[in-house]
Protein chains: 2
Amino acid sequence: MTRRLHLNAFLMENGHHEASWRLPESDPHAGTDVAHWKRMARIAERGKLDSLFLADSPVLWGDIGRRPSGALEPTVLLTALAGATDHIGLIATASTTYNEPYNLARRFASLDHISGGRAGWNIVTTAGLDAAQNFNRTHLPSHRDRYDRAAEFVDVSLRLWDSWADDAVLADKAAGVWGDDDRLYPPAHIGPHFRVAGALNLPRSPQGHPLLVQAGSSENGRGFAARYAEAVFTAQQTLADAQAFYVDLKRRAGAAGRDPDTVKILPGIVPAIAATEREALALEEELDRLIKPEYAKRQLAEQLRVSPDALDLDRELPDGLPDEDEIEGAKSRYTLIVTLARRERLTVRQLIGRLGGGRGHRTFAGTPEQVADAIQHWFDNGAADGFNIMPPVLPRGLADFVDHVVPILQHRGLFRTGYEGTTLRDHYGLTRPANRNAAPVPA
Amino acid sequence: MTRRLHLNAFLMENGHHEASWRLPESDPHAGTDVAHWKRMARIAERGKLDSLFLADSPVLWGDIGRRPSGALEPTVLLTALAGATDHIGLIATASTTYNEPYNLARRFASLDHISGGRAGWNIVTTAGLDAAQNFNRTHLPSHRDRYDRAAEFVDVSLRLWDSWADDAVLADKAAGVWGDDDRLYPPAHIGPHFRVAGALNLPRSPQGHPLLVQAGSSENGRGFAARYAEAVFTAQQTLADAQAFYVDLKRRAGAAGRDPDTVKILPGIVPAIAATEREALALEEELDRLIKPEYAKRQLAEQLRVSPDALDLDRELPDGLPDEDEIEGAKSRYTLIVTLARRERLTVRQLIGRLGGGRGHRTFAGTPEQVADAIQHWFDNGAADGFNIMPPVLPRGLADFVDHVVPILQHRGLFRTGYEGTTLRDHYGLTRPANRNAAPVPA
């Protein structure tokens with residue numbers, strides 16, 4: 001069988017371009033309007049995409065002047081989208097630093113039950129002091145500490161999701177026995193970060209547990225992904241960087257005792273699509289012109305840990321920026337931004353334009369054929385198992401991708417023409433995990 | 001205008017009677033089937049009920065043999081029900097002891113946005129060591145501590161919900177200014193239990209904040225309700241007890257500086273409804289016969305803090321039970337059970353039958369006319385502003401109430417014949433709270 005692409009729609013309010021909300025076609029209140037999100041989910045499902053995905057951080061980030069701010073909580077919003085769709089996978093970001101395993105494992109299991117097996121969890125440790133200050137902290141826990149907690153969080157969650165044998169519910173009306181207490185496996189977990197007795201208060205869900213997704217590319221992030229992730233979202237600017245990341249992560253997964261094919265790697269791409277290349281470039285330019293540099297410069301300064309005054313819009317980045325080792329959050333994104341600016345000798349203004357389109361993800365303007373070529377080129381050359389599609393403008397950018405790029409990929413035999421399975425893991429060609437409690441491996 | 005009743009549907013998997021799942025008509029997998037819940041929500045909405053309500057505790061409670069166990073997380077499940085309904089209010093239980101204000105306030109604000117202003121929060125402090133042991137605790141925090149934390153939790157949540165002025169979103173495309181940072185009011189809260197910087201990452205929701213509901217009738221619970229609750233659910237067995245509770249809570253609300261009319265009191269009733277009284281009693285008897293006393297005795301023993309061996313099915317409760325003061329969780333329910341057993345000199349078997357129907361709530365078997373009379377009698381005699389309707393069997397018990405009791409109440413002018421407002425607070429005749437930040441009261 002031909003190897004098939006996997007496609008995920010990464011959705012933001014009015015699209016990934018920070019100025020997209022200023023276009024005449026955009027509804028600046030779309031972010032809190034569930035009808036908008038339902039329309040997007042239905043368009044993505046019309047394109048037979050594997051899944052859609054919502055980023056998240058439990059904090060109001062940056063200036064609300066700059067772009068639509070605030071976000072409906074993703075597990076709740078995706079539950080609403082489950083009711084508006086039948087097939088597409090639903091991946092929510094949630095933080096291991098600012099949640100408790102019992103509550104979060106339960107919400108994802110609930111979403112998996114409600115959606116008939118379409119839930120995915122993008123596991124994040126949440127960078128930034130701002131978020132920490134919403135959760136009783138005065139300091140951001142270190143990168144290492146956050147990843148240690150994340151690993152224990154996921155270990156406990158897996159045990160909670162496996163805490164009911166698949167056959168624990170007997171539903172024996174005649175005998176008056178609903179479930180078998182002997183087929184419960186409470187974790188009784190005691191660790192450095194958590195004590196969780198269990199069992200979970202939900203029978204095992206259709207997928208056993210949600211698809212586990214990860215999106216951090218730092219050293220700690222890669223180690224974590226190799227151990228747990230079934231799908232990995234990553235920001236890669238060049239084919240060479242993407243190939244190196246792909247090889248490295250597959251190798252790490254193998255070293256962790258996993259089949260590397262069971263870890264699907266999806267770089268992001270922000271495609272500006274139009275009938276001609278000139279129109280596509282014009283769309284990109286129109287959007288970049290709508291960026292207000294004073295907002296963007298302030299955000300870039302925060303990301304680089306420098307004062308806004310240290311940045312001159314018409315010069316390159318100053319010398320003397322910190323090393324990645326000194327950064328305690330969003331490490332890999334920091335390095336990506338600095339590398340991009342230095343490699344292409346971009347002025348701050350140019351860098352802002354590039355980041356405004358996709359916040360460090362690869363931007364690409366072209367015809368549907370050119371976008372399909374760009375996708376196939378990376379896919380055929382060991383850089384990707386699929387793509388994280390990040391429309392710069394919604395709904396147009398998603399509809400154009402679904403209606404014009406997807407048919408080309410289907411015609412080339414690279415993408416499904418209909419859903420073949422029912423669960424998110426089916427779409428990614430992954431099997432339902434066995435319950436490790438109920439079928440113990442002999443020692 | 002005639003004073004109007006408020007009716008809330010309190011739903012459990014197969015109904016409140018613990019043996020309801022054993023009836024031939026019941027689907028024992030209904031609890032995790034979102035289609036079941038959507039059907040129930042649509043029936044309740046067909047009856048023009050004010051709201052529906054889900055109880056909750058983040059723990060697997062008791063034996064799974066006894067009855068359908070496990071529960072979809074309520075904020076998630078109600079989001080699914082928001083998409084299946086247009087008018088009815090949606091009240092989810094969530095714990096202040098085992099959540100963080102930022103996350104929970106955000107989920108309720110999300111549900112309020114998604115449902116168009118139909119969210120309600122039943123605020124609980126969560127009794128029981130079992131739940132504590134799922135959240136890093138080895139001991140249950142004391143009743144007093146849990147209520148202190150709850151008060152601070154709600155205070156912070158209110159400040160988060162008010163952290164965006166109603167007019168904070170400018171959506172000024174021409175100027176490129178989406179929101180006004182000067183119309184944000186971050187709580188910057190530092191208290192004994194929480195530090196929360198804020199602001200919330202969501203614009204103010206349609207209701208301003210979810211309807212606040214409370215259901216604990218202990219001394220601490222009543223004080224809390226008087227201060228915060230807009231609706232109060234309560235278990236009352238007799239008219240006299242219900243009147244005393246009603247007078248006491250209204251008085252406390254007044255003493256707390258609130259208009260007592262803005263606190264709606266809804267006792268629970270478990271109505272077994274049939275065309276004749278004999279059939280209604282037969283239904284109740286059929287259900288009671290299906291209770292397995294060994295399960296029920298074990299649970300009663302836990303509630304009474306005695307060994308199961310101390311209880312004899314064919315004798316009354318033993319002497320020497322603890323005082324309410326010694327109980328650290330579910331205080332008022334404990335007292336209600338002991339009082340009921342002593343007052344009516346019930347054997348353990350009889351007590352189990354009474355509790356099996358409604359876990360301490362008032363059970364009532366009769367014709368639709370008799371049920372309507374029972375409701376009106378309390379309503380007309382200063383015991384209730386409405387009722388918490390707890391169908392013993394689903395969907396039958398809810399459909400019978402909606403199709404046969406509601407029309408009688410409507411005919412008597414006691415209940416609405418159509419929804420007149422759009423939000424949950426509209427249904428309860430309450431006004432949208434002003435934003436306390438944006439319109440400060442002069443000192």
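Just the heavy atoms: all of them, side chains too, but no hydrogens, waters or symmetry mates, feed the values below. Below, chain A is the first sequence line, B the second, and so on; all start at residue 1. Keep in mind that this is a model prediction, so the values were computed, not measured.
In this structure, chain A has a heavy atom under 4.5 Å from the side chain of B/Asp56, while its backbone stays farther away. Contacts of A/Ser26 with chain B are made by both backbone and side-chain atoms, with heavy-atom separations under 4.5 Å. Contact of B/Trp61 with chain A is not made at all, since no heavy-atom distance falls under 4.5 Å. Heavy atoms closer than 4.5 Å to chain A are found in both the backbone and the side chain of B/Val196. When heavy atoms are compared at a cutoff of 4.5 Å, B/Ala175 approaches chain A solely by way of its backbone atoms N, CA, C and O. For B/Glu100, the part lying near chain A is the side chain, with the backbone staying farther off; criterion is any non-hydrogen pair under 4.5 Å. Only the backbone of B/Ala174 comes within contact range of chain A, with at least one heavy atom under 4.5 Å from a heavy atom of that chain. Proximity to chain A is limited to the backbone of B/Asp172, based on heavy atoms less than 4.5 angstrom apart. With a 4.5 angstrom heavy-atom cutoff, B/His193 touches chain A only via backbone atoms. Proximity to chain A is limited to the backbone of B/Asp180, based on heavy atoms less than 4.5 angstrom apart. Both the backbone and the side chain of B/Ala71 come within contact range of chain A, with heavy atoms under 4.5 Å apart. In this structure, no portion of B/Ile291 lies under 4.5 Å from any heavy atom of chain A. Residue B/Pro186 does not touch chain A at all, counting heavy-atom pairs closer than 4.5 Å. Interface remark: B/Leu200 contributes backbone atoms only to the contact with chain A (heavy atom separation under 4.5 Å). In this structure, the portion of B/Thr138 lying under 4.5 Å from any heavy atom of chain A is its side chain and not its backbone.
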Exercise for the section: Evaluate the criterion side-chain contact (heavy atoms from CB on, under 4.5 Å) for residue pair B/Tyr295 and A/Val177; output intermediate values, then yes/no. Expected result: CA-CA 10 Å; B/Tyr295 287 131; A/Val177 181; 4.0 Å; yes

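Contacts with chain A were tallied for B/Lys38, B/Arg107, B/Arg67; B/Arg107 has the most, counting heavy-atom pairs under 4.5 Å. Contact tally against chain A (heavy-atom pairs below 4.5 Å) for B/Ser205, B/Gly176, B/Ala80: the top residue is B/Gly176.
Between B/Thr32 and A/Pro203, the shortest heavy-atom contact is CG2-CD, 3.9 Å. The two residues B/Val76 and A/Ser110 have their closest heavy-atom pair at CG1-CB, 4.1 Å. For the pair B/Leu60 and A/Tyr102, the tightest heavy-atom approach, listed with the atom from each and the gap, is N-OH, 3.5 Å.
Between A/Asn99 and B/Asn103, the closest side-chain pair of non-hydrogen atoms falls below 4.5 Å.
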